[in-house]
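Convention: sequence-line order gives letters A, B, ...; per-chain numbering from 1.
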Protein chains: 2
Amino acid sequence: MERITKQGTAILNAIQTAQRPLLAQEILEAASVEVPGMGIATVYRNIKSLVDNNMLTTVHLPGENPRYESAHHHHHHHFHCTRCQKVYDVHDCPGDLKQLAPKGFAVESHELTLYGACDVCLISPPPPSA
Amino acid sequence: MERITKQGTAILNAIQTAQRPLLAQEILEAASVEVPGMGIATVYRNIKSLVDNNMLTTVHLPGENPRYESAHHHHHHHFHCTRCQKVYDVHDCPGDLKQLAPKGFAVESHELTLYGACDVCLISPPPPSA
DNA sequence: TTGTATGCAAAGCGTTTGCAGTGAT
DNA sequence: ATCACTGCAAACGCTTTGCATACAA
């Protein structure tokens with residue numbers, strides 16, 4: 001990313017505006033509002049360069065395609081809503097988990113994903129589909 | 001799976017012998033020792049039917065292709081060795097994590113992955129590759 | 001004007017599926 | 001003799017890459 005393009009700007013805007021990690025496809029949809037007709041390849045190329053420049057972090061959740069969020073520099077986890085499939089940041093952490101590993105193993109880091117219902121889905125449950 | 005085939009037997013053997021979750025490719029390699037020439041599609045089809053019959057569980061780790069292990073019926077987590085890339089079961093659990101979620105969110109379950117070095121890699125570190 | 005970033009389309013990678021043939025019952 | 005299971009190859013969904021063009025500098 002050496003040049004500023006409207007596509008690049010729209011992509012960065014989309015990610016920074018969303019207060020949660022987005023899929024490549026969601027980034028495309030959000031950025032396309034600003035720049036209609038942009039291609040998914042451009043999204044991936046911009047993501048890659050933003051990740052390389054530490055402006056973005058990749059959020060890998062179990063069994064999910066990667067999502068992307070603005071690089072937070074503090075340790076955090078994620079909450080995956082099983083109703084709407086959206087992913088939210090969780091700023092709390094259970095703390096030291098070194099003692100959980102089998103004997104002789106050295107724990108260096110951990111990833112935690114919480115599952116359940118987000119506040120929106122708890123308040124307005126999806127209608128019982130026939 | 002209504003008929004017993006040598007491929008199916010070899011696949012189940014491979015998974016039960018391994019004391020850790022295996023990738024489809026690893027299952028193919030292990031089962032191929034017993035039944036040379038078997039195809040990856042057969043592995044996937046057998047996996048699917050074993051999972052449907054609750055003989056196998058799918059282990060999804062962040063950013064990883066799915067692995068498969070014999071269905072344990074107790075809650076457990078996984079340890080991913082960052083040296084050899086193997087995945088091991090962790091039978092311990094940090095316990096109640098409900099209070100970690102944002103206010104208004106309901107936690108129903110969680111997934112935890114530990115990262116670090118397994119016992120084998122700690123004892124025999126891979127040689128410094130030139 | 002220069003050459004990076006884009007859009008399109010093709011290629012990759014892991015997984016799934018269609019089809020004709022094999023082999024367990 | 002059936003017909004479920006297999007191997008092969010094509011199809012799929014997501015991501016990456018090649019190439020000619022557009023546009024930021």
Closest to the Ala41(B) side chain, choosing from dA4(D), dG18(D), dA9(D): dA9(D)
Distance test, side-chain N/O of Thr42(B) to OP1/OP2 of dC5(D), below 4.0 Å: no
Parallel, tilted or perpendicular: ring planes of His110(B) versus His77(B), cut at 30 and 60 degrees: tilted
Between C1' of dA22(D) and NZ of Lys6(A), the distance in whole Å: 9 Å
Between dG12(C) (P) and Ile40(B) (CD1): distance, integer Å: 19 Å
OP1 or OP2 of dT6(D) under 4.0 Å from side-chain N/O of Thr5(B): yes
Gap between atoms CD and P, on Glu2(B) and dA4(D) respectively (whole Å): 6 Å
Nearest-nucleotide pick for Gln7(B), side chain only, options being dG18(D), dG7(D), dG23(C): dG7(D)
Donor-acceptor pair, side chain of His76(B) and main chain of His74(B), under 3.5 angstrom: yes
His72(B) side-chain N/O to Ser70(B) backbone N/O, donor-acceptor pair under 3.5 Å: yes
Atom-to-atom span, CG of Asn65(B) to C1' of dG12(C) - whole angstrom: 13 Å
Sole residue of Arg20(B), His78(B), Gln19(B) in side-chain hydrogen bond (donor to acceptor under 3.5 Å, both in side chains) with Glu69(B): His78(B)
